[in-house]
Each structure stands twice: as C-alpha cells, then as structure tokens.
**Q** 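Take this structure, written in structure tokens, and hold onto it; I'll ask about it next.
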Amino acid sequence: MALKNLKDLYNECMNCIKCPLHKGRNSVVFGDGNLRADIMFVGEGPGKDEDLQGKPFVGRAGQLLDRLMAEVGLKREEVYIANIVKCRPPGNRVPTDEEAEACLPYLRNQVAIIAPRIIVCLGATAMKYIIDRKARITQIRGNLIERKGVYLIPTFHPAAILRDASKIDLTRQDFKKIVELYYKLKREEKAI
C-alpha cells in the first residue's frame with residue numbers, strides 16, 4: 001500500500017473488507033488523537049465499547065490507560081491511539097495472523113503520517129507485530145528499542161492489568177520511562 005494522506009487512508013479503512021472481521025463490525029475503529037503526536041499508543045484491537053463508539057480505548061481498559069497517562073502528566077489529546085486491527089474480533093479474542101496482516105498496512109501508514117518519536121506497544125499482540133513475533137511481553141516489557149530513530153516500548157495492555165492487578169506497578173514504571181524519554185527528546189530538540 002502506497003503512503004496516503006490521512007483522509008484517503010481513513011476512507012479506505014472505513015470500507016475495508018480485506019479479512020473476515022468486517023462481517024461482524026459495528027464500526028471501524030481507525031484511531032484517535034493528536035495527528036502530530038510524539039507518542040503513539042498501539043493496542044490489539046477494538047472491544048465492545050470501541051466497536052459501538054468507533055473510538056479506541058473508551059471502555060474499562062481505556063479508562064485505565066487514561067489514568068496511567070494522567071499519573072505521568074500526559075493527556076489523551078497529546079497522544080495518538082490506534083490498534084493492530086481496526087475491527088473487533090468476535091468475543092474480544094486475539095486477532096489471527098491473517099486479520100493482523102490485513103490491517104498492518106493501515107497502521108504503517110498512520111505511523112508514517114503522524115511520525116511519532118515513541119511507539120508504545122500495549123500488550124503482546126502489538127509487541128508481536130511491531131517489535132518481534134517471537135518475543136514475550138513478560139521478558140521485554142519496559143525495554144527501549146530504537147529503530148530508524150523511533151523508540152519502541154512494550155508494556156502490558158491495560159486489559160491485562162484489569163485481569164491481573166499485580167502488573168500495575170511494572171506498567172507504572174514503564175509509563176515513567178515513556179514520559180522521561182519524551183521530555184529528553186523534547187530537550188534535545190530545543191537544543192538543536
């Protein structure tokens with residue numbers, strides 16, 4: 001897929017039928033946020049609330065994401081939020097490789113257009129398709145991985161924290177690392 005402007009990309013995504021997920025969707029959940037964001041959060045895929053509202057991370061996991069961001073001084077309006085797949089997998093199951101591969105060109109175009117300096121992979125699925133298909137989230141979460149001048153940081157998905165509260169402290173550490181890197185990059189930018 002050649003790089004498109006965001007409006008054309010959005011329109012193409014809204015009419016997508018590249019995988020079976022389109023058959024059960026109420027909404028295509030394209031992405032939301034600051035189109036010039038330095039930080040982009042990428043999750044797995046829309047859940048029930050997201051599918052109904054057409055926006056990413058608006059349910060319980062989204063509320064937790066908002067709280068985690070607020071704890072480190074970030075606002076939703078400052079960041080961009082997207083998912084690996086744009087349509088809800090049935091029963092909130094993990095997307096298949098076929099489904100993810102069908103949607104990845106949309107995400108890659110979003111990244112190219114928004115040009116974030118930091119991409120936060122929320123959970124194992126985002127980490128798998130963005131960083132390393134063989135990696136394990138429990139082993140690499142919190143690591144800073146630089147690729148082509150962009151920092152990738154895997155951390156736990158807020159839904160995983162809702163299922164297992166013991167992950168919250170590690171995730172808070174990751175969010176502190178994210179915001180420290182963000183401010184370091186801002187200082188370096190001003191120094192140039």
Side-chain angles (χ1 to χ4, degrees), residues 1-19 21-22 25-47 50-51 53-58 61-62 65-66 68-69 72 74-89 95 97-123 125-133 144-155 157-158 175 178-179 181-190 192:
M1 177 185 294
L3 182 63
K4 301 178 181 303
N5 67 49
L6 203 60
K7 182 180 177 189
D8 289 345
L9 184 65
Y10 175 85
N11 289 334
E12 183 178 327
C13 194
M14 291 299 117
N15 296 303
C16 180
I17 55 170
K18 292 180 183 176
C19 82
L21 290 181
H22 79 276
R25 72 180 176 223
N26 289 302
S27 302
V28 174
V29 182
F30 182 71
D32 189 45
N34 185 335
L35 300 181
R36 300 204 186 289
D38 285 327
I39 302 174
M40 181 179 214
F41 288 92
V42 179
E44 178 176 289
E50 291 77 13
D51 183 43
Q53 294 183 43
K55 288 189 169 187
F57 284 89
V58 293
L65 177 61
D66 288 347
L68 287 164
M69 286 193 295
V72 294
L74 291 175
K75 295 180 183 122
R76 191 178 266 254
E77 302 81 46
E78 294 177 273
V79 303
Y80 192 85
I81 304 173
N83 283 302
I84 295 295
V85 296
K86 309 300 187 194
C87 299
R88 180 184 182 206
D97 284 338
E98 173 196 5
E99 294 159 353
E101 292 295 339
C103 267
L104 281 172
Y106 297 126
L107 180 63
R108 288 185 186 113
N109 268 256
Q110 286 172 297
V111 169
I113 292 165
I114 294 161
R117 300 179 75 191
I118 301 168
I119 298 175
V120 182
C121 299
L122 296 169
T125 299
M127 177 217 58
K128 173 182 176 181
Y129 291 105
I130 294 173
I131 297 174
D132 185 342
R133 293 187 186 233
L144 295 177
I145 301 154
E146 185 180 2
R147 291 201 185 138
K148 299 178 184 175
V150 177
Y151 290 91
L152 310 174
I153 305 173
T155 192
H157 193 288
F175 272 68
I178 292 161
V179 83
L181 175 61
Y182 173 63
Y183 288 122
K184 177 181 179 259
L185 293 172
K186 285 284 191 199
R187 285 190 304 274
E188 290 172 0
E189 189 177 276
K190 286 182 181 178
I192 295 175

**Q** Is a donor on one side and an acceptor on the other found under 3.5 Å between the side chain of R147 and the backbone of I131?
**A** yes
**Q** Hey, are the side chains of C103 and I84 touching, using non-hydrogen atoms and a 4.5 Å cut-off?
**A** no
**Q** Start with the C-alpha distance between R133 and D97, add both sets of side-chain angles, then the distance that settles side chain to side chain contact (heavy atoms under 4.5 Å, CB included), and finish with yes or no.
**A** CA-CA 11 Å; R133 293 187 186 233; D97 284 338; 4.3 Å; yes
**Q** I need the Y106 OH to M14 CE distance, nearest 0.5 Å.
**A** 9.5 Å
**Q** Checking the side chain of E44 only, and the main-chain atoms of V85 only, is there a donor and an acceptor separated by less than 3.5 Å?
**A** no
**Q** Taking atom CZ of R76 and atom CG of D66, what is their separation to the nearest 0.5 Å?
**A** 4.0 Å
**Q** Quick check: do Y182 and I118 have side-chain heavy atoms less than 4.5 Å from each other?
**A** yes
**Q** Do the side chains of V150 and K148 get nearer than 4.5 Å, heavy atoms only?
**A** no
**Q** Is there a donor-acceptor pair closer than 3.5 Å between any side-chain N or O of N5 and the backbone N or O of D8?
**A** yes
**Q** Indicate the atoms forming the closest heavy-atom contact of A126 with V42, along with that distance.
**A** CB-O, 3.3 Å
**Q** In the structure I gave you, are the side-chain heavy atoms of L152 and V120 within less than 4.5 Å of one another anywhere?
**A** no
**Q** Side chain to side chain contact (heavy atoms under 4.5 Å, CB included) for V58 and D32? Distances and angles first, verdict last.
**A** CA-CA 11 Å; V58 293; D32 189 45; over 6 Å; no
**Q** Any side-chain heavy atom of L107 sitting closer than 4.5 Å to one from M40?
**A** yes
**Q** Are the side chain of D51 and the backbone of P46 linked by a donor-acceptor contact shorter than 3.5 Å?
**A** no
**Q** To the nearest 0.5 Å, how far apart are CG in L68 and CG in L74?
**A** 10.5 Å
**Q** Begin with the C-alpha distance, continue with both residues' side-chain angles, and end with the deciding distance and a verdict on side chain to side chain contact (heavy atoms under 4.5 Å, CB included) for C121 and Y129.
**A** CA-CA 9 Å; C121 299; Y129 291 105; over 6 Å; no
**Q** Are any non-hydrogen side-chain atoms of V79 and M69 less than 4.5 angstrom apart?
**A** yes
**Q** Side chain of E101, backbone of E98: donor and acceptor closer than 3.5 Å?
**A** no
**Q** Checking the side chain of D132 only, and the main-chain atoms of K128 only, is there a donor and an acceptor separated by less than 3.5 Å?
**A** no
**Q** At what distance, to the nearest 0.5 angstrom, does OH of Y151 lie from CD1 of I178?
**A** 14.0 Å
**Q** Ignoring hydrogens and geometry, is there a side-chain-to-backbone donor-acceptor pair from E99 to C87 under 3.5 Å?
**A** no
**Q** Rounded to the nearest 0.5 Å, what separation is found between the NZ atom of K18 and the CD atom of E12?
**A** 5.0 Å
**Q** How about H157 and F41: are their ring centres within less than 6.0 Å of each other?
**A** no
**Q** First locate atom SG of C13, then atom NE2 of H22, and finally report the distance between them rounded to the nearest 0.5 Å.
**A** 13.0 Å
**Q** Can you find a pair of side-chain heavy atoms, one from Q110 and one from Y10, that are under 4.5 Å apart?
**A** no
**Q** Pair F175, L65 - check side chain to side chain contact (heavy atoms under 4.5 Å, CB included), show working.
**A** CA-CA 10 Å; F175 272 68; L65 177 61; 3.8 Å; yes
**Q** When you measure from the side chain of E50 to the backbone of G47, do you find a donor-acceptor pair of N or O atoms at a distance under 3.5 Å?
**A** yes
**Q** Please tell me if the side chains of T155 and L122 come closer than 4.5 Å, counting only heavy atoms from C-beta onward.
**A** yes
